Amino acid sequence: MSRFHWTCESTDGDARAGMLHTAHGPVATPTFMPVGTVGTVKAMTMDAVRSTGAGIVLGNTYHLMLRPGAERVRALGGLHRFMDWSGPILTDSGGFQVMSLGALRKLDQDGVTFRSHIDGSYHRLTPEISTDIQHALDATITMCFDECPALPAAPDAIAASMRLSMRWAARSREAFVPRTGYGQFGIVQGGTEADLRAESVQALTDIGFEGYAIGGLAVGEGQELMFATLDTTVPLMPRNAPRYLMGVGTPDDLLGSVQRGVDMFDCVMPTRAGRTARAYTERGTLNLRNARHATDTRPISPHCDCLACSRHSRAYLHHLFRANEILGPMLLTWHNIAYYQRLMRQIREAILEGRLDALATSLRAEWAAEDW
Ligand SMILES: CNc1nc2cc3c(=O)[nH]c(N)nc3c(CC[C@H]3O[C@@H](OC)[C@H](OC)[C@@H]3OC)c2[nH]1
Ligand SMILES: [Zn+2]
C-alpha cells in the first residue's frame, strides 16, 4: 500500500492537476468532496454518490461524536463500513461546528466545552480528543483542531485566534496516529491579513503535515476578499502537497480558486440547494418551484447523465417539489452533485491540456447566459 502523497500531473498557470494517493484509493484533483456530515450525503444513496464520480466524501467529528458516538462507529467497523463508502473519507475536526452549532460553548486555551444542539448534554473538544475521535472513525484524512474566527474581526483578535490554532495544530499532530496511506492536514488561519496568513503557513510547515487546508474563509468575507487572500497565501504553501479550501463554494468560486492553485473543495451548496428545489446548470441556477417549469418536458440539463436528467423532466421535478415529495430532494441533490463532479472533471481535463483560461472564459459566459 502506497504512503499518503499527492503527485502533480500537470500545471496550467497556478492551477494543478494531480492525484491524491491514499489507503482507500486514489483521487484525481482538483476534486469536490460531497459533504457527508452525519455519515450520509443528505438525500443520496452511496450508489448515487459513486455514480456521480465523486472520489472522496466528508464526515464530521462534531455531529458523529454527538450521534451515534465515535466509539459506536468504531465498534461497528469505522465510518467506511458504517456508511458503505470504501473510498477516502475526510473528517473535519469539529471546532467550526461547535462555534456555529453548539450551544453555550466556552472556549479556553486548552479546548472548548459546549452543549449538544441535540439534547443539551455537555461535551468537550480539545486537539487530542478531536484527533482521537477522527482516529476512531478511521478517517483517511484527519483535520487539525482549530478555531475559525468570524469575520470581520480586528487584526489583533485574528492574530490571537490564529496563534491559538497553531498551538492546537502542534497538539493535533502530536496526537495523530501515523498509518500508511492516512494523512493529517494543517489548517491555515489568519483571516484576510496577509502577514498573519504567512505566519500561519510557516508555523504549519515547521510542524509538517501531509496536506494543508486554507481555513477561516467562506465566512461572509465575499469572493473578492477570499480571492485576494488566496493570491497572497497559496504561493507560500508547499507546492508538492495538496491544498484544500474549506467550505467553498459556488461553481465560479471553484473555478477561480483552482486557477489560484487550490486542489480540494467542500461545500454544502449543491446538497442544500438540492433540498430547496435549486438546480445547478451550465447556465446558472434554476428554481424548480417556479411555475414556468410546470409543463417543461426538457431535462434540467441537456449535458447531464444523472437519473433526474436521463429519466425525468423539469415538469416532474417541479411537481415533486410542489407536492413536497421526498423524491424531489433525492433526484435534485443527485443532479447537483453530478453537476459539480462534471465541472471538476472539465476543469481537470482543461489543465491537463493547457487550456484552462479558454474553458474559464466559456464557463463564465455560459453561466451568465439565459436558461435554454
Ligand atoms: C462554509 N464555510 C466554511 N468555512 C470554513 C472554515 C473552516 C475552518 O477554518 N476550520 C475548520 N475546521 N472547518 C471549517 C469549515 C467547516 C467545513 C466542514 O463543515 C461541514 O459542512 C457543513 C463539513 O463537515 C463534514 C465540512 O467538513 C470539512 C468551514 N466552512
Ligand atoms: Zn442531471
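Numbering starts at 1 and runs along the sequence shown. These figures come from a predicted structure and were not determined experimentally. Counting starts at 1 for both ligands and their atoms, in listed order.
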key: Salt bridge Arg239-Asp14, side-chain N to carboxylate O under 4.0 Å   = no
task = Would you check, one step at a time, whether the test salt bridge (charged side-chain N to carboxylate O under 4.0 Å, His left out) holds for Arg355 with Glu349?
result = CA-CA 9 Å; Arg355 54 178 176 78; Glu349 279 150 28; 5.1 Å; no
inquiry  = Working note: Gln134 + Thr91, criterion side-chain hydrogen bond (donor to acceptor under 3.5 Å, both in side chains); need CA distance, chi angles, decisive distance, verdict.
reply    = CA-CA 7 Å; Gln134 296 177 75; Thr91 51; 2.9 Å; yes
query = Would you say the ring centroid of Phe209 lies under 6.0 angstrom from that of Phe185?
reply = no
inquiry  = Could you work out, with side-chain contact (heavy atoms from CB on, under 4.5 Å) as the rule, every residue matching Ala28, not counting sequence neighbours?
reply    = Met19, Arg348
task = Could you verify whether a donor N or O on one side chain and an acceptor N or O on the other, from Tyr182 and His135, lie under 3.5 Å apart?
result = no
key: Between CZ on residue Arg179 and CD on residue Gln184, distance to nearest 0.5 Å   = 11.5 Å
Would you mind writing out the side-chain donor-acceptor pairs for residues 65-73 within the sub-3.5 Å range, not counting sequence neighbours?
unit_1, atom_1, unit_2, atom_2, d
Glu71, OE1, Arg74, NE, 2.7
Glu71, OE1, Arg74, NH2, 2.8
Glu71, OE2, Arg74, NE, 3.4

key: Under 2.8 Å from the Zn ion (ligand 2) - protein N/O/S, by chain and number   = Cys304 SG, Cys306 SG, Cys309 SG, His335 ND1
ask   = Name the residues with a heavy atom less than 4.0 Å from ligand 1?
value = Val35, Leu58, Gly59, Asn60, Asp92, Ser93, Phe96, Gln97, Asp146, Cys148, Ile187, Gln189, Gly215, Gly216, Leu217, Ala218, Tyr244, Met246, Gly247, Asp266, Val268
query = Using 30° and 60° as the class limits, which term best fits the ring planes of Phe32 and Tyr340: parallel, tilted or perpendicular?
reply = tilted
